[in-house]
Amino acid sequence: MIVVHTRSAVTEALAPHRAAGRRIALVPTMGGLHEGHLSLIDAARERADVVVLSLFVNPLQFGPGEDFDRYPRDLERDAALAGERGTDLLFAPSSAEMYPHGATGVYVTAPDLASHLCGAFRPGHFDGVLTVVAKLFHIAAPDVAVFGRKDFQQCVLIRRMAEDLDFGIEIVAAPIVRESDGLAMSSRNVYLSAAERADALRLSRGLRSAVDAFRAGQRDPAALVARVRDELHEGTVRAEYIELVDARTLEPVEHASPGDVLALAGWVGKTRLIDNVELKDR
Ligand code: AMP
């Protein structure tokens, strides 16, 4: 695995692959790598000859008072994990390399899609995400880019950006990887105390309970959301939102159907976690 820190080094490292007509896949991450991220490397490898993983804690997508300063950063550990899993090129730029003119210039925005779910509580967050992903798309110019469904709204926004701005990049949304007890893997899980870790499980349990109710015939979104709330009720998790939405428009639905997504964000102590599940008939 080659590790580079500049945009020009990415271009240089990928030039021979491009010249040889090899397919290039990009996996954007903020590091703090776990099995969820590593599964994206596998998905990328299945679809391409060359796997590029970016590792950048993007200041643009953190709001004031959020966890930018304490976000896990360990390049050595992440590089070892990424390399072992089969990454060919690791791109770990500094903020100055990514934003040489500072972070106040030009943004990519999607005001409608970003007004829902997480976007309603994290103003500017998705402008930061779309802007950095657009830059990474230009820097690596991949054929395919792989994201995790764990960040469901992000997947919808990026797919839309790739289409609307004619990036010509295939966007893959890979399944959520969970701990054996059901908690969705997240770089932020390291913030949790043992007691909080136990309580955090209520998020995935609540979603599972709603899925069971849907399979048993419940089609009322409020009743499905109530199943999640019931699970959170006993513990210390504070729901920020729990919503059943159309998977394409992110608008709340009036009647639950297969393909709709039940998404939530919750606070466990000072840690904000997200999770979601797609409703299926069986
Ligand atoms: P992050 O480093 O949190 O920005 O995430 C980088 C990529 O990994 C995003 O596309 C996430 O959706 C994805 N990801 C994070 N956690 C998981 C997970 N538990 N399962 C699958 N993908 C994930």
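The basis for the numbers below is simple: all heavy atoms, side chains too, and nothing from hydrogens, waters or symmetry mates. Ligands are counted one by one from 1 in listed order, and the atoms in each one are counted from 1 as well.
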K.L.:
Report, in ascending order of atom number, the atoms of ligand 1 lying under 4.0 Å from any heavy atom of Phe147.
P.N.:
10 (O)
K.L.:
Angle class for the Phe62/Phe68 ring planes (parallel below 30°, perpendicular above 60°, tilted otherwise)?
P.N.:
perpendicular
K.L.:
Is it true that atom CD of Glu35 has more than 12 heavy atoms of other residues, nucleotides or ligands lying nearer than 6.0 Å?
P.N.:
yes
K.L.:
Could you give the distance from CG (Leu192) to CG (Asn189), rounded to the nearest 0.5 Å?
P.N.:
5.5 Å
K.L.:
Taking 4.0 Å as the limit for heavy-atom contacts, which would you say applies to Pro175 with ligand 1: side chain only, backbone only, both, or neither?
P.N.:
backbone
K.L.:
Test your reading of the structure: does Gly148 have an N or O sitting under 3.5 Å from an N or O of ligand 1?
P.N.:
yes
K.L.:
In terms of atom number and element, which parts of ligand 1 are under 4.0 angstrom from non-hydrogen atoms of Tyr71?
P.N.:
3 (O)
K.L.:
Considering Thr29, Leu38, Leu40, which one's heavy-atom position lies nearest to atom 8 (O) of ligand 1?
P.N.:
Leu40
K.L.:
Please report whether ligand 1 has a polar contact with Pro28, defined as an N or O pair separated by less than 3.5 Å (distance criterion only).
P.N.:
no
K.L.:
Looking at side-chain heavy atoms only, is the closest gap between Leu81 and Leu38 below 4.5 Å?
P.N.:
yes
K.L.:
Can you report which non-hydrogen protein atom sits closest to atom 20 (N) of ligand 1, along with the distance?
P.N.:
Val177 N, 2.8 Å
K.L.:
Please report whether ligand 1 has a polar contact with His37, defined as an N or O pair separated by less than 3.5 Å (distance criterion only).
P.N.:
yes
K.L.:
For ligand 1, which atoms, with element, lie under 4.0 Å from some heavy atom of His34?
P.N.:
15 (C), 16 (N), 17 (C)
K.L.:
Pull out every atom of ligand 1 sitting under 4.0 Å from any heavy atom of Met185, numbered as shown with elements.
P.N.:
16 (N), 17 (C), 18 (C), 19 (N)
K.L.:
For a 4.5 angstrom cut-off between non-hydrogen side-chain atoms, does Leu157 reach Arg160?
P.N.:
no
K.L.:
What protein heavy atom sits nearest atom 12 (O) of ligand 1, and how far away is it?
P.N.:
Asp151 OD1, 2.7 Å
K.L.:
For the residue pair Phe126 and Leu113, establish whether any side-chain heavy-atom pair is separated by less than 4.5 Å.
P.N.:
no
K.L.:
Mind checking whether Glu35 contacts ligand 1 via backbone (N, CA, C, O), side chain (CB onward), both or neither, at a 4.0 Å heavy-atom cut-off?
P.N.:
neither
K.L.:
Hey, are the side chains of Leu14 and Ile24 touching, using non-hydrogen atoms and a 4.5 Å cut-off?
P.N.:
yes
K.L.:
I would like to know whether Val27 and Val52 meet side-chain contact (heavy atoms from CB on, under 4.5 Å); could you show each step before the answer?
P.N.:
CA-CA 6 Å; Val27 179; Val52 182; over 6 Å; no
K.L.:
Check whether any side-chain heavy atom of Glu240 lies under 4.5 Å from a side-chain heavy atom of Leu273, and answer yes or no.
P.N.:
no
K.L.:
Among all protein heavy atoms, pick the one closest to atom 23 (C) of ligand 1 and tell me residue, atom and distance.
P.N.:
Lys150 CB, 4.0 Å
K.L.:
Within the structure, does Ser186 bring an N/O atom to less than 3.5 angstrom of an N/O atom in ligand 1?
P.N.:
no
K.L.:
Give the atom numbers and elements of ligand 1 that come within less than 4.0 Å of a heavy atom of Ile176.
P.N.:
20 (N), 21 (C)
K.L.:
For the 3.5 Å polar cut-off, considering only N or O atoms, please tell me whether Met30 and ligand 1 meet it.
P.N.:
yes
K.L.:
Are Phe152 and Ile274 packed together at the side-chain level, in the sense that at least one heavy-atom pair is separated by less than 4.5 angstrom?
P.N.:
no
